[in-house]
Each structure stands twice: as structure tokens, then as C-alpha cells.
Amino acid sequence: MTADTLTDVFETHRPVLLGVAYRMLGRVADAEDVVQEAWLRWSAADRGEVREPRGYLVRVTTRLAIDRLRQVKARGETYVGPWLPEPYVTDFGDTVRDTAERAVLADTVSLAVLVVLESLSPLERAVFVLREAFVYPYAEIAAMLDRGEPAVRQLAVRARRHVEERRPRYDVDPAQRRDFTERFLAAAEEGDLEGLMSLLAPDVRLVGDSGGKSKAPLRVLETADKVGRFLLGAARKGIPDPSFRFLELNGGPALLVLSGGKPDAVFQLEVLDGHIQSVYIVRNPDKLRSLASV
């Protein structure tokens, strides 16, 4: 296999590899590092041992991600304030035509699900990602992880039960979420407390991730009154030279707030039964760097 062919084959599978690594790690930079290491393994591999390139690359990427996840597992013990995954651009475009497959991929990369996945063991997380997001057969997952198939099935059942018990319910209609995001922005900009409160569920939660490096609540805010007043207070203080962009992040519409053309915050909403159930705000500058060029 020539160097050009090696590169072409790898680039064909890069989106899948990034998808696996990001769902495993919740950070774009870590996922890109893992995929780069997978490229080095791929370029040095004995061609006679690689029967199916995609399976080989996914196996290598998964194992590297498990190793990386074990190394950073303690990050939640030292992180300042609530932790959210790094926002991830997920414009599937024409790469995923099947609407059911698109819905599954979007759901398994959502902020809500990724937060729950943080509480799984690395092996449970790997099995969940490979089975639920990419629909790999148990036998193939077992081979990738060098585990018996019965053990992998047990891991899958345990991981699925854990996620289903803890994941919040929300509506996935992107048009509805985009509409709520636009109305949310308009009410906040206009200082319209009544309009904002009409959008919020009584038990709405606001989760802000700053990592202690910018201003955001260091605890989860709950109830419409607390969340609404916090948002209006933040809007009144404002930021220098603000601008806004709508884009698809983590499988759904999101609002990117820029200050002087540089990413300052990401807002994403979860909607259920006609009201906003969750407000996610990412303000940690380390997690916004990848959005500077989108």
C-alpha cells in the first residue's frame, strides 16, 4: 500500500475515529491527539495483519482513548465548578442520510448524555459508544477490547441502564430548539424578564462551565426565578463588542457568543413539553478555542 493510499484510507475513516474518540473523552483536543496517535500506529502497521482497515482503526482508536481516559479520570476531582464537555461541531451534512442513524449519533454526542457518560468506567463507556452510537456487533466489540462476548454484553447492559436512569428527558426536534434559542436570546437582550420566564420550566437547571477561568456560576442553578434573574443580570453587564452566531454543536442548535470576534461563550438549551428544561453555558476559554475558526 503506497503512502498516498495509506493517507486516503485513513482520511476516509477520520470522521468516525474522531466521533469515537470525542464520545469517549469529551474533549476535542484529546480526541484529535488520540486520532493522531492512531495515524502513527496505522502508518507503521504490518499490512499483512490488517484485514479490514476501518475495524483496525476503530480498535486502535478505542484502546488509545481508554488509556487516555484512565489518565485524565481524576480531572473531575480538581475541576473548578461544574464540568461540561467541550463543544463539538456536529454538522453531519450528507455523511449521514438515514434520519434514524442521524438521531442516534446526535443523541450520543449531546451534552446531557456525555455528562452521564463521565460517570461510567472507561470500559463501560467504550462499549456504550461502540454499541449505541456506531452499532457494532458484540462480537466485534469483544475483539476490539480483548474481552469475552458475554462480558461485553454485561458491560453494555450495565452502561445502558446507567445512562437511561440518569439522562434527562428532552425533545430532539432541532427546529423547535432553534426557535427557543432565538426567543431566549431576544428576551435576554431586551431585558424581558416576563418573556424569559415564560420560556423556562419551573424546575429549569442552569449548568455553567468556566473551569474557574471566567465568570459563570460555580454551582448548578435551579428554578425559573434563579435562572431567569441570573441570565438577565449577565445580559445587563454585557461583554465588549458582542456578536452572535447559531451553529450545530453536539447534535443540536447552539448559540455562540463572540466578544470582539473571539468566542466568549456557548449556550445550548434542552427543551421538553414546550419549556426550557436545561441551560448549558460553556465559558472555559480552553474549551472554546476550537470554535475560533468555525
Check whether [X] reaches the backbone of [Y] with its side chain - one donor and one acceptor, N or O, closer than 3.5 Å.
X    : Y    : result
E124 : A159 : no
N284 : D286 : yes
R27  : E86  : no

Reported [atom1]-to-[atom2] distance for the pair [X] and [Y], which is rounded to 0.5 angstrom:
X    : Y    : atom1 : atom2 : answer
Q36  : D33  : CD    : CG    : 8.5 Å
L232 : D192 : CG    : CG    : 8.0 Å
T223 : L200 : OG1   : CG    : 9.5 Å
Y56  : T61  : OH    : OG1   : 9.5 Å
L111 : L249 : CG    : CG    : 8.0 Å
D209 : L84  : CG    : CG    : 5.0 Å

Minimum heavy-atom distance [X]-[Y], with the two atoms named:
X    : Y    : value
P174 : P253 : O-CG, 3.6 Å
T62  : A126 : CG2-CB, 3.9 Å
L120 : V163 : CD1-CG2, 4.3 Å
W42  : P53  : CH2-CB, 3.8 Å
V266 : A254 : CG1-CB, 4.4 Å
L114 : R23  : CD2-O, 3.8 Å

Non-hydrogen side-chain atoms of [X] and [Y] separated by less than 4.5 Å:
X    : Y    : answer
R147 : L123 : yes
R41  : L64  : yes
D107 : Y170 : yes
I66  : L145 : yes
L193 : R229 : yes
N250 : P87  : yes
T108 : V129 : no
P85  : Y22  : yes

Group every Ile, Leu, Val, Met, Phe, Trp and Tyr by side-chain heavy-atom contacts under 4.5 Å, then state whether [X] and [Y] land in the same group.
X    : Y    : value
Y280 : L206 : no
L291 : L255 : no
V220 : V227 : no
V204 : V207 : no
V16  : L18  : yes

Going by side-chain hydrogen bond (donor to acceptor under 3.5 Å, both in side chains), name the residues that satisfy it together with [X], two or more places apart in sequence or in a different chain.
X    : result
E164 : R167
S119 : H162
S210 : none

Would W39 and R14 count as a side chain to side chain contact (heavy atoms under 4.5 Å, CB included) if you check the C-alpha gap in whole Å, the side-chain angles of each, and the deciding distance to 0.1 Å?
CA-CA 9 Å; W39 158 252; R14 180 184 287 273; 5.6 Å; no

Parallel, tilted or perpendicular: rings of F184 and F267 (30°, 60°):
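If you compare the ring of F267 with that of F184, the planes turn out tilted.
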
Give every donor-acceptor pair under 3.5 Å between a side-chain atom in residues 130-141 and any protein atom, sequence neighbours left out.
residue: R131; atom: NH1; partner: Y136; partner atom: O; Å: 3.1
residue: E132; atom: OE2; partner: R160; partner atom: NE; Å: 2.8
residue: E132; atom: OE2; partner: R160; partner atom: NH2; Å: 3.0
residue: Y136; atom: OH; partner: R54; partner atom: NE; Å: 3.3
residue: Y138; atom: OH; partner: R160; partner atom: NH2; Å: 3.3

Would D173 and D179 satisfy side chain to side chain contact (heavy atoms under 4.5 Å, CB included), going step by step from the backbone distance to the final call?
CA-CA 10 Å; D173 180 11; D179 175 63; over 6 Å; no

Just grab all the salt bridge (Lys or Arg N to Asp or Glu O under 4.0 Å) pairs involving residues 268-285, residues at least two apart or on different chains.
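Listed once each, the pairs are R177-E270, D264-R283.
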
Considering the options L269, L199, I276, which one meets the side-chain contact (heavy atoms from CB on, under 4.5 Å) requirement together with R183?
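In the set L269, L199, I276, the residue that makes a side-chain contact (heavy atoms from CB on, under 4.5 Å) with R183 is L199.
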
For E165, salt bridge (Lys or Arg N to Asp or Glu O under 4.0 Å) partners two or more places apart
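None.
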
Surrounding CZ of R63 (heavy atoms of other residues, nucleotides or ligands, distance under 6.0 Å), is the total greater than 12?
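Result for CZ/R63: enclosed.
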
